[in-house]
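Have a look at the structure below, then the notes.
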Amino acid sequence: MTHMAIDIGNVIFHFDIEGFKTKLSKILYISRSDVQFFLDWIHGFHDAGITTFEKAIEHDFGPLYNNKKEILEAWDNAIYPNSQVVSLLKTLKEVEGVKIAYLSNIGYEHALLLKTKYSEIFSNSILHFSFEIGAIKPSKLFFQSFCLDHDEFSGCVYIDDLENNLKTAKQYGFTTYQFNLNNFSTLSQSKQKIELDQMKALILSR
C-alpha cells in the first residue's frame, strides 16, 4: 500500500486570516493590529494544546457573553477547503488506495470542525494534530512522535507549505514536496493541473 502525509492549513484548507481579523476587530471594537498581536501571542499555546481559542479570547477580552458565539463562528468560518486538492485526495484514497496521514499544527476548535463538518475528507485516515501531542512543527518531537506511532509511513511523501517544516520532516526520512495554496491559486488552470499531476505522480511513485 502506498502512503502519504500532508499538512492541512494553506495546503488543503485556505485560512482567511485577513477576513477574520476584520471580523474580530469589528466585534471587539479593537484595531486589526491588536487582533494580530492577540493571534501572534496565542499561536504557540493554542496549537500545542495549552489553551483553546475560546479560553484565550476570554482571558484577554473577558467572558464576552453576548459575542462569544459570533466570534467562535467567525473563527470556524475562516477556514475552508480547496476543492481541487480535496478532489485529488479523494482520488488517491478511494481509487488508488493510498493511506493518508494529516500532520497539522491545529487547535481544539478547528480540529473538531474538521472531524465533524469535513469528516468525509478525513475518514479512514491518520490524524496527527499538534494540540493532542503537545508539540508543534517544525519541532523534532512533532515528527518523532508520528514516526514512532506510524512506522508504515517511513519514506513516504510529505507535503507542506513551509520550508522549515519540510526541513525537519526530511531529517526523519520523508520525501518532501512544497505546496502552497496561496501560490497555487495564482496559477492558470492548466498550470494548476500540471502541479497536481506532478504531486500525484510523486506520491504514487513511492
Side-chain angles (χ1 to χ4, degrees), residues 1-15 43-44 47-48 79 81-107 110-111 114-115 118-206:
M1 174 183 286
T2 302
H3 294 73
M4 66 169 288
I6 187 168
D7 184 25
I8 295 176
N10 204 31
V11 176
I12 306 171
F13 277 70
H14 298 275
F15 184 19
H43 174 72
D47 286 359
I79 64 171
N82 179 276
S83 60
Q84 293 161 279
V85 178
V86 169
S87 179
L88 172 61
L89 294 174
K90 182 179 175 67
T91 298
L92 287 169
K93 183 167 61 174
E94 298 181 4
V95 178
E96 302 292 347
V98 176
K99 187 69 173 180
I100 303 175
Y102 297 94
L103 281 60
S104 179
N105 285 347
I106 194 169
H110 279 170
L114 298 184
K115 292 176 183 179
Y118 301 105
S119 59
E120 183 179 353
I121 299 174
F122 300 98
S123 63
N124 301 315
S125 303
I126 303 298
L127 306 180
H128 190 73
F129 289 165
S130 60
F131 86 99
E132 294 180 319
I133 61 176
I136 60 176
K137 295 181 286 184
S139 70
K140 290 184 176 181
L141 181 57
F142 181 93
F143 291 99
Q144 283 176 342
S145 59
F146 176 77
C147 292
L148 285 172
D149 288 343
H150 304 287
D151 59 358
E152 68 273 22
F153 284 83
S154 177
C156 77
V157 173
Y158 172 63
I159 301 164
D160 201 299
D161 62 315
L162 298 180
E163 183 62 36
N164 285 342
N165 296 342
L166 295 170
K167 184 177 179 180
T168 306
K170 191 175 292 186
Q171 294 178 24
Y172 290 90
F174 289 99
T175 300
T176 56
Y177 186 94
Q178 190 166 20
F179 179 82
N180 182 316
L181 275 180
N182 289 334
N183 296 336
F184 178 76
S185 298
T186 67
L187 300 176
S188 65
Q189 288 187 342
S190 60
K191 289 185 178 180
Q192 287 180 346
K193 184 179 186 304
I194 291 171
E195 173 93 20
L196 294 178
D197 286 346
Q198 288 177 340
M199 191 157 61
K200 179 181 178 181
L202 179 62
I203 292 165
L204 295 178
S205 71
R206 305 305 298 173

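One finds the CD atom of Gln178 at 13.0 Å from the NZ atom of Lys167 (value rounded to the nearest 0.5 Å). Between the OG1 atom of Thr186 and the NZ atom of Lys191 there is a distance of 9.0 Å, given to the nearest 0.5 Å. With rounding to the nearest 0.5 Å, the separation of OG in Ser83 from CG in Leu88 is 11.5 Å. For the atom pair CG (Leu103) and CD1 (Ile126), the distance works out to 10.0 Å, reported to the nearest 0.5 Å. To the nearest 0.5 Å, atom CG of residue Asn10 and atom CG of residue Asn82 are 10.0 Å apart. Between the CG atom in Asp161 and the CD1 atom in Ile12 there is a gap of 11.0 Å [rounded to 0.5 Å].
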>> As a quick check of understanding, evaluate side chain to side chain contact (heavy atoms under 4.5 Å, CB included) for Asn105 and Phe142, giving each step before the final call.
In response: CA-CA 9 Å; Asn105 285 347; Phe142 181 93; 4.1 Å; yes
>> Using the rule given for side chain to side chain contact (heavy atoms under 4.5 Å, CB included), can you reason through Tyr102 versus Ile6, listing the C-alpha separation, both sets of side-chain angles and the distance that settles it, and then say yes or no?
In response: CA-CA 5 Å; Tyr102 297 94; Ile6 187 168; 3.6 Å; yes
> Would Tyr118 and Val86 count as a side chain to side chain contact (heavy atoms under 4.5 Å, CB included) if you check the C-alpha gap in whole Å, the side-chain angles of each, and the deciding distance to 0.1 Å?
Replying inline: CA-CA 10 Å; Tyr118 301 105; Val86 169; over 6 Å; no
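Side-chain contact between Phe131 and Ile106 is present, with heavy atoms from C-beta onward closer than 4.5 Å. Between Tyr158 and Leu166 the shortest side-chain heavy-atom distance falls below 4.5 Å. Contact annotation: the side chain of His43 approaches that of Asp47 to within less than 4.5 Å [non-hydrogen atoms, C-beta and beyond]. A 4.5 Å side-chain heavy-atom check between Tyr177 and Met4 finds every atom pair outside the cut-off. Put simply, the side chain of Leu114 does not reach to within 4.5 Å of the side chain of Ile121, judged on heavy atoms.
For Ala101 against Phe153, the heavy-atom pair with the smallest separation is CB-CE2, 3.6 Å. Here the closest non-hydrogen pair linking Ser145 and Ile133 is OG-CD1, 3.6 Å. Scanning both residues, Cys156 and Ala5, for their nearest heavy atoms gives SG-N, 3.8 Å. Considering all non-hydrogen atoms of both residues, Thr168 and Pro138 come closest at OG1-O, 2.8 Å. Nearest heavy-atom pair across Phe174 and Ala169 is CD1-O, 3.1 Å. Scanning all heavy atoms of the two residues, the minimum distance from Glu132 to Leu127 falls at OE1-O, 4.4 Å.
No donor-acceptor pair closer than 3.5 Å links the side chain of Ser185 to the backbone N or O of Asn182.
Lys137 pairs by the salt bridge (charged side-chain N to carboxylate O under 4.0 Å, His left out) definition with Asp7, Asp160, not counting sequence neighbours.
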For residues 196-206, which side-chain donor-acceptor pairs fall under 3.5 Å, sequence neighbours excluded?
residue: Asp197; atom: OD2; partner: Lys193; partner atom: NZ; Å: 2.8
residue: Ser205; atom: OG; partner: Leu202; partner atom: O; Å: 2.6
residue: Arg206; atom: NE; partner: Thr175; partner atom: OG1; Å: 3.3
residue: Arg206; atom: NH2; partner: Thr175; partner atom: OG1; Å: 3.2

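For Phe146 and Tyr172, the gap between ring centers reaches or exceeds 6.0 Å.
Listed by first then second residue, pairs satisfying ring-ring contact (aromatic ring centres under 6.0 Å, His included) with a partner in residues 182-206 read Phe179-Phe184, not counting sequence neighbours.
At most 12 heavy atoms of other shown residues, nucleotides or ligands fall within 6.0 angstrom of atom NZ in Lys140.
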